[in-house]
Structure formats: C-alpha cells, structure tokens
Visitor: 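The structure that follows is given in the form of structure tokens.
Everything numeric here is computed off the predicted structure, so don't read it as measured data. Naming convention: chains lettered A, B, ... in sequence-line order (proteins, then strands); numbering from 1 in each chain.
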Amino acid sequence: MDSRTNIGRVRGLGSAKHGGEHWLKQRLTAVGNVLLTTWFVLSLFMIPSFEHSALAQWLAQPLVAVPMILMIANIFSHVKLGLQVLIEDYVHDEGLKFASMTLLNFYVIASAVFGIFVVAKLAFTGVPA
Amino acid sequence: MAKNPNRPLSPHLQVYRWSPQMAVSIFHRATGFVLATAGMMTLLWWLSAIGGGAESYATFVKYVVSAGADGSAVQIASNWFFRLVALAVTFSFFQHLASGLRHLVLDIGAGYELKTNRTWASVAFVAAFFATAFVALFVASRFIGVL
C-alpha cells in the first residue's frame, strides 16, 4: 500500500514544465513582429528615394540597422515556430517529418545569419562604391 | 507506429459549411507560409542587393522592379512574376497581421461569443483587402507610372 497523497504520487512524473514554451514564444515573437514590421512598413512609405546610394545610407544608420537586425531575428524565430506547427500537423510520415524539420532549421538559421550579416557589414564598413 | 490505411476516419472539414472563422484560420497558416518563404527571400535579396553595391542593386531592380527599355524577355517576365509575388506578399502581410491580432485577443479569452467571433473573422478579411488595395494603388501611382 502506498500511503502517499494523490499529489505526492504524481509529482515529478508530469510535464517537463516546457509545455507552454512553444505557444508562449510564438505569441511573444508575434507581438515583436507587430512592432518591428510596423516600423518597417512605415519606413518604406517614408524613404525619400529608392536610388541605391540613398537606400544604402538609410540602411547603414544605427537607428535603421538595429531594428532591421531585430526584425530579421524575430521574424525568423517566428517562422521557425510557425512552420514547425505546419509540419507537425500536415506531414504524417515520420521520416519526411524529420527531414522537413531539419530543412526548416537549416533554412531559418542560414537565412537569419545571412540577413543579419548583410545589414551588420553595411553598418560597420560603410556604403560600398 | 503501424497505420492501417483502411481504418475508418471521423468526419472532417468536408462535412461543415464554410464560415469566415474557418477561412480565417486556414488563411492565417497559408499567408504565414507565403510570408516565411516568398516574403522573406525577397526581403533578403533586397537587403543583400543594397549591401552589395550599386551594381548588385541594379540587377535586383532589373529583375524585380523594372527591366527598363532595354530589358531582356526573361527580365520582363521576371518583373511580372515579382508583381504577383508583391501582391501576394502584401495581402499575406495584412491578412496575417489582422488574423494574428485577432488571435492575440482570443488568447486572452475574449471574443468567443458566436456573433463576435464571426464578425471579427470577417473584419480581418475586409481589413486585409482594403490595406492591400491601398498599397497596390500607392505603388502603382508612385513607382510604376500607372494612374
């Protein structure tokens, strides 16, 4: 006979306390995206010229490069969480699911690093000729 | 996990009459996919073309925005392709934004009354449609010289 209470019997056997993590991260990055993409879309409307030199000078400013880097990082983490759910819901074959999930991670990390590098390089080394 | 392909399936989407609430849900996923792929790849191309210098930006403009008077057939076809992409991405952006904001409201536990829920699902579509139309007209008048 087990004389422990009901709660004592199940304590430690339950979830790893990460159950809400994906859901919560998706919402947090969503709120971040609302702010960052609003900034981006308003900026697109306010850019005076779409000539290359004007755009490069615009993007190299700290107050543009920093939100742009934040936007790239935030969007791609939201992409990872969102497309992960699509794969989990619609790809039923286990092997294909594993392959899709691997590709998704490659896509998201490679794209984010590429985008951040491009913006940082321009901001640090200045506008190319 | 062994799966018997002949097992009976419970009734799924096909037994229900389509409603705005169902449409807005699947559109949220579809538009998210469009933004994650076409939207972000075009954005990264634009940013890297700016970072790559005047010549690489000119290539981007030739293929995406306007091939110009001496543009090749491939470039002109590419322009039309990217106009469709731009329209799809613009609509996807506003649709995903509107239904995303709706989701954030639903997540705090509000807006589940049948009529309210239906209304705001429809509002997401209408808002996305008008925002897309506004941007399309703005771009057409300012950059393409139409209107």
Visitor: When heavy-atom pairs shorter than 4.5 Å are enumerated against chain B, which of F76(A), F45(A), F117(A) gives the highest number?
Guide: F45(A)
Visitor: Strictly distance-based, threshold 3.5 Å: is any side-chain N or O of T116(B) a donor or acceptor partner for the main-chain N or O of Y112(B)?
Guide: no
Visitor: Measure distances from F60(B) to the heavy atoms of chain A and classify the residue's part below 4.5 Å as side chain, backbone, both or neither.
Guide: neither
Visitor: Which bit of W45(B) comes within less than 4.5 Å of chain A, counting heavy atoms only: side chain, backbone, both or neither?
Guide: neither
Visitor: Identify which part of L97(B) has an atom lying under 4.5 Å from any heavy atom of chain A, answering side chain, backbone, both or neither.
Guide: side chain
Visitor: Tell me, for L35(B) versus chain A, whether the close heavy atoms (under 4.5 Å) come from the side chain, the backbone, both or neither.
Guide: neither
Visitor: Which atoms of L104(B) come close to chain A, meaning under 4.5 Å heavy atom to heavy atom: side chain ones, backbone ones, both, or neither?
Guide: side chain
Visitor: In terms of heavy-atom proximity below 4.5 Å to chain B, should N33(A) be classed as side chain, backbone, both, or neither?
Guide: neither
Visitor: Mark yes or no for whether Q61(A), through its side chain, and W58(A), through its backbone, hold a donor-acceptor pair below 3.5 Å.
Guide: yes
Visitor: Look at V79(A), V31(A), L55(A), V118(A) and state which one has the largest set of heavy-atom pairs under 4.5 Å with chain B.
Guide: L55(A)
Visitor: For the side chain of H52(A) and the backbone of A58(B), is there at least one donor-acceptor N/O pair under 3.5 Å apart?
Guide: no
Visitor: Between N117(B) and L106(B), does the side chain to side chain contact (heavy atoms under 4.5 Å, CB included) criterion hold? Intermediate values first, please.
Guide: CA-CA 9 Å; N117(B) 197 278; L106(B) 292 174; 3.7 Å; yes
Visitor: Got a list of side-chain donor-acceptor pairs under 3.5 Å for residues 102-114 of chain A, not counting sequence neighbours?
Guide:
residue	atom	partner	partner atom	Å
T102(A)	OG1	F98(A)	O	2.8
N105(A)	ND2	M101(A)	O	2.8
Y107(A)	OH	A36(B)	O	2.5
S111(A)	OG	Y107(A)	O	2.6

Visitor: Should we say atom CH2 of W80(B) is surrounded by more than 12 heavy atoms from elsewhere, each under 6.0 Å from it?
Guide: no
